[in-house]
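A short write-up of the structure that comes next.
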Amino acid sequence: MAKLTSDLSSVNPVILVSAALVCCVAFVYVRSRLGRLSSSSHRPRSPRRLPVIGNLHQLGASAHQSLHALSLKYGPLMLMHFGSVPTYVVSSGELARQVMKTCEAEFPARVMTEASRTLFEGGEDLLLNPAGTRTTLARKVCVSGILSLKRVQALQFIREEEVASLVAKLRRLVNDDRGARVNLSDLFLTLASTTLSRAILGLKSADESNRVMGQLAQQASNLLGEVTAVGDYIPALSWVDHLRGLTRNAKRVSRAVHEFLDRVIDEHIEKQNDDDDDDRKYFVDILLELQAKKDVIGGHELTRKEIRAVLLTLFIAGIDSSATTLECTMKEIVKNPRIMRKLQQEIRGVVGNKSNILQSDLNQMEYLKCVIKETLRLHSPKLVARQASEDVDVGGFRIPAKGVVLVNVWAIHRDPDTWDRPLEYLPERFVDACYDYTGQDQKYFPFSLGRRICPGVQFAMFSIEYALANVLCWFDWELPDGMSAQDFDMSAMPLHLVPVPPSHGSL
Ligand code: HEM
């Protein structure tokens with residue numbers, strides 16, 4: 001002890017102070033490491049991030065693909081930071097089910113961006129960001145009112161007329177200019193847009209207003225898909241969006257959409273009393289009736305703003321998704337001539353000598369249904385977002401209130417543990433398989449799962465099956481300029497194909 005004391009007393013005081021300082025620093029470091037370790041055990045793994053931008057630099061041109069590649073390293077639930085927004089990325093079916101179904105009450109809302117707040121007049125949209133009874137109201141309005149099976153069937157005349165007009169256009173082209181190619185991307189977009197404009201607002205397809213609404217819906221949809229709004233991720237830099245004109249553009253589109261919808265709603269209010277034909281009621285008429293009843297749910301009366309929001313949501317949700325499914329199916333089957341032949345044989349076998357296809361014929365087209373399911377496996381919406389309303393545990397990790405979750409549907413639909421040859425287009429995988437669109441299966445959910453599942457499934461399916469059956473029954477399809485199926489590039493936009501008279505002759 002004396003030795004020790006004397007030894008210590010003989011040490012230079014500068015060395016003593018330095019040693020004490022080093023010990024303090026070491027203590028603080030070890031404590032902070034231990035602290036971080038204990039809190040990170042409740043946090044998923046994260047790729048390394050940069051100051052300010054977080055992990056934004058790791059998102060390539062296709063965010064879903066970049067996120068999938070990172071998830072292979074960091075696991076099926078990883079934490080990323082897009083600017084200042086902590087985002088939990090889910091890449092397994094089991095975790096997707098937990099977020100979207102088991103914990104659906106804790107994840108009631110989609111994520112609002114500056115563009116959606118502007119378009120939906122402050123973000124109170126019933127469908128994008130609902131809360132409480134408004135959610136129930138919105139779902140009721142959509143599911144049992146405007147998108148019910150009865151209503152969707154009653155509007156079959158619109159699908160028939162619009163598809164007949166597309167077929168007539170193609171027939172004229174084949175007769176007048178054989179071998180000419182058509183821009184199928186454009187034709188499908190117009191078909192989806194005119195069909196929905198008629199069903200939602202009753203706008204006649206030949207009217208200028210139908211075309212204008214289609215364009216406005218497209219602009220609104222582009223705004224919502226705008227991932228480059230810097231302010232959504234780094235609020236301090238939102239002035240960049242002002243400088244780039246993004247904010248001004250969103251306001252302009254929002255104003256134009258609302259003025260347009262207001263005009264149409266007023267016209268329908270004027271006409272409401274003269275027209276009692278229930279089968280000719282459009283979605284806007286149903287909403288106005290619900291508004292007039294005033295007792296939709298708990299005495300809540302639909303406001304004009306809410307009606308506009310529901311109408312706009314239907315346009316945005318319905319047009320691109322339907323057109324993309326039609327376009328991707330045609331791309332996949334021109335790339336796979338065996339599938340095209342098998343499908344045409346089925347369709348033509350069912351239609352026989354009839355000169356038009358009936359809605360009831362579609363029930364016998366089993367292979368057509370498998371083809372569409374396979375298209376939706378590979379080409380349905382890629383990322384679905386949710387925001388937690390309170391702290392919630394997912395996969396053993398705590399996601400805090402306001403935490404954003406991105407479900408990578410693209411990756412789940414290609415999971416090699418679920419799907420044999422996952423990258424190949426094989427409609428046969430759905431023959432005798434029990435996958436459907438009801439969101440029962442965590443491995444396959446192109447229309448989503450849980451309480452936010454797409455309420456437009458039936459409308460979409462009737463429209464897509466009917467359009468494809470017609471386009472494939474009355475025409476054969478070739479690639480332009482003698483291109484072979486192997487050389488066809490799936491990512492080529494727009495899709496140009498050459499319609500020719502069917503090999504069995506009748507056009
Ligand atoms: C192939 C075509 C379609 C696909 C693949 C599709 C898929 C989806 C998906 C994945 C969602 C997101 C659900 C979520 O956030 O969990 C959604 C929402 C929605 N879809 Fe569709 N959809 C299609 C067509 C349609 C059509 C034609 C309509 C209307 C006529 C429609 C109306 C809606 C509405 C209103 C929502 C919002 C529901 C809510 O927020 O609760 N969809 N759709």
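Residue indices begin at 1 and follow the sequence shown. Note that this is a predicted model, so its numbers are computed, not measured. Just follow the structure's listing: the first ligand is 1, and inside any ligand the first atom is 1.
- Atom CG of Asp432 has 12 or fewer neighbouring heavy atoms from other residues, nucleotides or ligands inside a 6.0 Å radius.
- Put simply, the residue from Ile333, Thr329, Leu426, Val334 that forms a side-chain contact (heavy atoms from CB on, under 4.5 Å) with Ile339 is Ile333.
- Looking at Glu332 and His379, their side chains do bring a donor and an acceptor atom within 3.5 Å of each other.
- The N/O atoms of Ser448, backbone and side chain alike, include one that comes under 3.5 Å of an N/O atom in ligand 1.
- Across Cys454, Ala192, Ser463, heavy-atom proximity to atom 17 (C) of ligand 1 is greatest for Cys454.
- The six-membered or imidazole ring of Tyr444 lies near that of Phe430, with a centre-to-centre distance under 6.0 Å.
- Trp419 has its ring centre less than 6.0 Å from the ring centre of Tyr435.
- Those atoms of ligand 1 that come under 4.0 Å of a heavy atom in Pro446, given as number and element, are 5 (C), 7 (C), 10 (C).
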Subject >> From CA spacing to verdict: salt bridge (charged side-chain N to carboxylate O under 4.0 Å, His left out), Arg308, Asp262 >> reply: CA-CA 8 Å; Arg308 280 198 301 260; Asp262 269 340; 3.0 Å; yes
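- Ligand 1 has Leu147 within reach: a non-hydrogen atom of the residue lies less than 4.0 Å from it.
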Original post:
Yes or no on side-chain hydrogen bond (donor to acceptor under 3.5 Å, both in side chains) for Tyr367 and Glu428, after CA distance, side-chain angles and deciding distance?
Top reply: CA-CA 8 Å; Tyr367 192 59; Glu428 282 74 11; 2.8 Å; yes
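- Distances below 4.0 Å separate heavy atoms of Thr325 from the following atoms of ligand 1: 1 (C).
- Not a single heavy atom of Ile319 lies less than 4.0 angstrom from ligand 1.
- Side-chain N or O atoms of Asn55 include none that pairs as donor or acceptor with a backbone N or O of Met80 at under 3.5 Å.
- For the residues Pro108, Gly439, Ser321, Ser380, the heavy atom positioned nearest atom 23 (C) of ligand 1 is part of Ser321.
- Every atom of ligand 1 is numbered from 1 in the order shown, and the set under 4.0 Å from a heavy atom of Leu196 is 30 (C).
- By the 4.0 Å heavy-atom criterion, Arg386 is counted among the residues contacting ligand 1.
- In terms of modelled atom types and a separation under 3.5 Å, the side chain of His268 and the main chain of Leu201 share a donor-acceptor contact.
- In this structure, of Ala317, Ala323, Cys328, the residue bringing a heavy atom nearest to atom 33 (C) of ligand 1 is Ala317.
- Interface atoms of ligand 1 facing Val384, defined by a heavy-atom separation under 4.0 Å, are 14 (C), 15 (O), 16 (O).
- Summarising the contacts of atom 4 (C) of ligand 1 with Phe447, Phe283, Tyr437, Phe107, the nearest heavy atom is found in Phe447.
- Heavy-atom distances between Ile464 and ligand 1 reach below 4.0 Å in at least one pair.
- Contacts between Thr324 and ligand 1 below 4.0 angstrom, taking non-hydrogen atoms only, are absent altogether.
- In this structure, Pro455 is part of the shell of residues with a heavy atom less than 4.0 angstrom from ligand 1.
- Checked for salt-bridge contact, Glu346 and Lys342 miss the test: no charged N lies under 4.0 Å from a carboxylate O.
- The proximity of Ile200 to ligand 1, defined as any non-hydrogen pair under 4.0 Å, does not occur for either the backbone or the side chain.
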